[in-house]
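Source: prediction; values computed, not measured. Below, chains carry the letters A, B, ... as their sequence lines are ordered, and counting in each starts from 1.
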Protein chains: 2
Amino acid sequence: MTSYLEKIASYIKSIDSETLTELQRISSEKKYKKGDLLLRQNEICEKSYLLLSGIARKYYLNDGKEITTELYFENDLAVSFESYTLQQPGREFIEALTDITVSITHYQAFQDAKTKYPKLVTLDLMLAEYYGMWVEHRLFQFHTMTATERYLDILTKSPHIVQAVPLTIIASYLGISLETLSRIRARI
Amino acid sequence: MTSYLEKIASYIKSIDSETLTELQRISSEKKYKKGDLLLRQNEICEKSYLLLSGIARKYYLNDGKEITTELYFENDLAVSFESYTLQQPGREFIEALTDITVSITHYQAFQDAKTKYPKLVTLDLMLAEYYGMWVEHRLFQFHTMTATERYLDILTKSPHIVQAVPLTIIASYLGISLETLSRIRARI
DNA sequence: TTCATTATTTGACCTAAGTCAAATTTCGCG
DNA sequence: CGCGAAATTTGACTTAGGTCAAATAATGAA
């Protein structure tokens, strides 16, 4: 499934330069400091953020507790999917966990570009498909794996997460308490 | 979010008749008996099934236990998302829970049609977006809700599920044991 | 360096949910 | 209608993971 990212990359390479130029024209680079919020609860996610460097996360509040739903590293695309898709206020925050550099594209500019450059519709579709498969995998983890199995899964498949992100955040990402995560780690 | 389905429906209505005719041309109706499998583990999901009548489900095996991942009613589109998207063997089964009638569209025929009728690419995108938001909501339920809350959620938002589907299947859909579901129901 | 803050670990106890086993209840079918 | 299989409930017990509290450990700014 990871190789789907390669398929997307190779699709992008196959796109004519005119379309790519348009894509660049509607995108701009920006830097954020560690702790900055790119998106807040109740806002409409009007931009997509392609992470060029650094680490970020998406989370929401549940009973005042922060529940991390996604972690972003280089080349990951950060958006609050439902808020972005529906262009309605959502409950998610996007936060820089380190200083970051992102490439920002406005929703409306991208929609407009899609009407002129049909290849962008296919790109949009591929990105949505990739996200769908990714969320499906997350759901599978919650549906059938124990806390320990979920931790071992990211330890194996995404070790960069474990070394770069505080345990509090990893615990909420795994849907367990900080203490339980600590005990899982102690037990190997 | 449910209204996104309406948006999809209204998008379909806005599609020119030539495109719609093509869509009909590559689709065909078929009936299945209760218990029939439309897709098995390790097969490639080469078709999408639009449910015209009856009830179906998608599930996979985990330690020999059937884990239901989705329930389908009239007008729902049944596919094993990852297997369909990647055209690779997957682990999911699709099963008729009652006698059903479906409208079948072949993956490849739809891909071919998309190259001639660009509106179908947008339709495909909208369907993928809808599925992504739906899975995100399921993940949210598993991430932050208790078993009781999850049951009350479907009882409230999808009461048709509870009246039409055996508890064994609902329990696995909610990620809890049959006994726990029975106790939750007893406690109201 | 040092102190203060934040991150992580450990302990004691609690609770939601699981498991196994044995009733019941429900239902399709002859 | 009545029986056998399947569905659902109930009981007794176990366990994964949560909560609250306190103790360490790690970090970073002055």
Scan A:Y130, A:Y131, A:W134 and name whichever one has a ring pair (Phe, Tyr, Trp, His ring centres under 6.0 Å) with A:F81. A:Y131
Using the rule salt bridge (Lys or Arg N to Asp or Glu O under 4.0 Å), only one of B:E95, B:E66, B:E70 pairs with B:K58; which is it? B:E70
Going by heavy atoms closer than 4.0 Å, what residues in residues 62-72 of chain A are next to DNA chain C? none
Nucleic acid contacts - residues 146-156 of chain B versus DNA chain C, non-hydrogen atoms under 4.0 Å: B:T146, B:A147
Taking the six-membered ring for Trp, are the ring centroids of B:Y60 and B:F93 within less than 6.0 Å of each other? no
I'd like to know whether the aromatic ring centres of B:Y72 and B:Y49 sit less than 6.0 Å apart in this structure. no
Dump every N/O contact between nucleotides 4-8 of chain C and the protein below 3.5 Å, one line per pair.
from: C:dT8; atom 1: OP2; to: A:L167; atom 2: N; distance (Å): 2.9

Side-chain heavy-atom pair A:K31, A:D99 within 4.5 angstrom cut-off: no
How about B:L123 and B:T19: do any of their side-chain heavy atoms sit closer than 4.5 Å? no
Between A:K114 and A:D124, does any NZ, NE, NH1 or NH2 come within less than 4.0 Å of an OD or OE carboxylate oxygen? yes
Passes side-chain contact (heavy atoms from CB on, under 4.5 Å), B:E74 versus B:L52? Steps please. CA-CA 5 Å; B:E74 201 173 315; B:L52 301 177; 5.9 Å; no
Within this structure, what is the CZ-to-C1' distance between A:R183 and C:dG11, rounded to whole angstrom? 7 Å
Figure out the CD/P separation between A:E179 and C:dC13, and round it to whole Å. 16 Å
Overall bend of the helix from C:dT1-D:dA30 to C:dG30-D:dC1 (five pairs an end, 10° steps) is 50°
Report the C-alpha separation of B:E149 and B:Q141 in whole Å, then their side-chain angles, then the decisive distance to 0.1 Å, and conclude whether the side-chain contact (heavy atoms from CB on, under 4.5 Å) test is met. CA-CA 8 Å; B:E149 290 169 335; B:Q141 291 179 321; over 6 Å; no
First-last contacting nucleotides on DNA chain D - partner chain B, under 4.0 angstrom, heavy atom: D:dT8 to D:dA12
Nearest 0.5 angstrom please: [X] [atom1] to [Y] [atom2], how far?
X	Y	atom1	atom2	result
A:T122	A:I8	OG1	CD1	11.5 Å
A:T21	A:D16	OG1	CG	8.5 Å
A:R150	A:Y173	CZ	OH	11.5 Å

Is atom CD of B:E18 surrounded by more than 12 heavy atoms (other residues, nucleotides or ligands) closer than 6.0 Å? no
Residues that B:Y151 engages under ring-ring contact (aromatic ring centres under 6.0 Å, His included), provided they are two or more places apart: none
Hey, mind stepping through B:Q41 and B:L61 against side-chain contact (heavy atoms from CB on, under 4.5 Å) and telling me if it holds? CA-CA 9 Å; B:Q41 195 175 32; B:L61 295 175; 4.1 Å; yes
